[in-house]
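Data block below; observations after.
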Amino acid sequence: EDSKNLSERKSKCKVLSEMLSDITTFEELDKQRLLKLQKQLLEKGLSGKTVNGYLGCLHSIYKYFIDNGFIETDIFLGLRPCSNVKNIRLCFPMENLKHIFSEKTSNPYLDLIHISIITGMRKGEIIRTSANDIIEKDYGYWLHVNGTKTENAPREVPITEELVDIIRNFDFTQLND
């Protein structure tokens with residue numbers, strides 16, 4: 001089993017070294033770059049638990065350099081493990097969003113379609129949405145969705161800055177008519 005663990009660590013280190021090939025010293029690795037790496041790993045379709053394993057591997061190496069006086073600050077302190085975020089889903093790629101939002105109109109129903117496409121929200125969930133449901137986190141914007149169908153329906157979904165603007169400017173009261 002030790003050889004399996006060693007093989008897994010080598011594999012993770014290889015992936016990490018490819019993804020961090022632009023960094024030449026550990027001093028260049030800061031919290032923002034670490035969050036970007038976390039996001040990139042998630043975008044590859046890896047589970048939160050697997051991403052935590054990759055970052056744990058990198059942290060082990062980083063900790064060695066801290067313990068031996070090569071680095072002073074542990075940038076991993078305060079980094080939230082991916083497993084704390086239930087069922088992480090990522091937004092549409094930016095090129096798809098640019099196409100979706102390419103034609104600006106003042107049609108509120110088109111805005112509803114955009115909200116539905118990006119978030120996967122149901123009509124009843126959209127009606128109960130307000131700008132107060134927007135949450136800004138270290139790694140982007142999220143929308144708290146008050147569910148309608150099941151106990152698992154309340155959730156947070158990632159949204160883009162474009163959608164943040166639409167939601168903040170949308171008059172949801174007109175939907176109740």
**Request:** Check side chain to side chain contact (heavy atoms under 4.5 Å, CB included) between Gln32 and all other residues, then give those that pass, not counting sequence neighbours.
**Result:** Asp30, Leu35
Which pairs of donor and acceptor atoms, one on a side chain in residues 65-74, lie under 3.5 Å apart (sequence neighbours left out)?
| unit_1 | atom_1 | unit_2 | atom_2 | d |
| --- | --- | --- | --- | --- |
| Asp67 | OD1 | Lys63 | NZ | 3.4 |
| Asn68 | ND2 | Tyr64 | O | 2.8 |
| Asp74 | OD1 | His59 | NE2 | 3.3 |
| Asp74 | OD1 | Phe76 | N | 2.9 |
| Asp74 | OD2 | His59 | NE2 | 3.0 |

**Message:** For Glu161, is the CD atom crowded, meaning more than 12 foreign heavy atoms sit under 6.0 Å from it?
**Reply:** no
**Complete:** All heavy atoms of Ile23 vs all of Thr25, minimum pair found to be CG2-O, 3.0 Å
**Request:** Determine, stepwise, if the pair Glu136 / Val164 fulfils side chain to side chain contact (heavy atoms under 4.5 Å, CB included).
**Result:** CA-CA 10 Å; Glu136 185 174 359; Val164 168; over 6 Å; no
**Asked** Minimum heavy-atom separation for Lys137 to Trp142, with atom names?
**Response** CD-CD1, 3.8 Å
**Fill in**
For Cys57 and Leu16, the nearest pair of non-hydrogen atoms, with its separation, is CB-CD1, 4.5 Å
**Message:** Is there a side-chain contact between Leu58 and Leu37 in this structure, where contact means two heavy atoms from C-beta onward sitting under 4.5 Å apart?
**Reply:** yes
**Message:** With side chain to side chain contact (heavy atoms under 4.5 Å, CB included) as the test, pick out the partner of Leu20 among Leu34, Leu29, Val15.
**Reply:** Leu29
**Request:** Tell me, please, which residues at least two apart from Arg33 pass salt bridge (charged side-chain N to carboxylate O under 4.0 Å, His left out).
**Result:** Asp22
**Prompt:** So do Ile75 and Tyr62 actually touch side chain to side chain, heavy atoms under 4.5 Å?
**Reply:** yes
**Request:** Evaluate the side-chain proximity of Thr129 to Thr119: yes if any heavy-atom separation is below 4.5 Å, no if none is.
**Result:** no
**Request:** Measure the spacing between OG of Ser60 and CG of Leu55 and express it to the nearest 0.5 Å.
**Result:** 11.0 Å
**Fill in**
Heavy-atom nearest pair, Ile135 first then His144, reads CD1-CB, 3.9 Å
**Residue pairs, two or more places apart or on separate chains, that pass ring pair (Phe, Tyr, Trp, His ring centres under 6.0 Å) and touch residues 33-52** = none
**Which residues share a salt bridge (charged side-chain N to carboxylate O under 4.0 Å, His left out) with Lys31, sequence neighbours left out** = none
**Message:** Any non-hydrogen side-chain atom of Ile167 less than 4.5 Å from a side-chain atom of Leu143?
**Reply:** yes
**Prompt:** Taking atom CZ of Arg9 and atom NZ of Lys12, what is their separation to the nearest 0.5 Å?
**Reply:** 7.0 Å
**Fill in**
Hits for side chain to side chain donor-acceptor pair (under 3.5 Å) against Thr50, two or more places apart or cross-chain, chain-then-number order -> Ser47
**With Thr24 via side chain to side chain contact (heavy atoms under 4.5 Å, CB included) - residues at least two apart** = Glu28
**Message:** Checking the side chain of Ser17 only, and the main-chain atoms of Cys13 only, is there a donor and an acceptor separated by less than 3.5 Å?
**Reply:** yes
**Message:** Any non-hydrogen side-chain atom of Glu125 less than 4.5 Å from a side-chain atom of Arg155?
**Reply:** yes
**Prompt:** Sequence neighbours excluded, which residues qualify as side chain to side chain contact (heavy atoms under 4.5 Å, CB included) partners of Ser130?
**Reply:** Asn132, Asp133
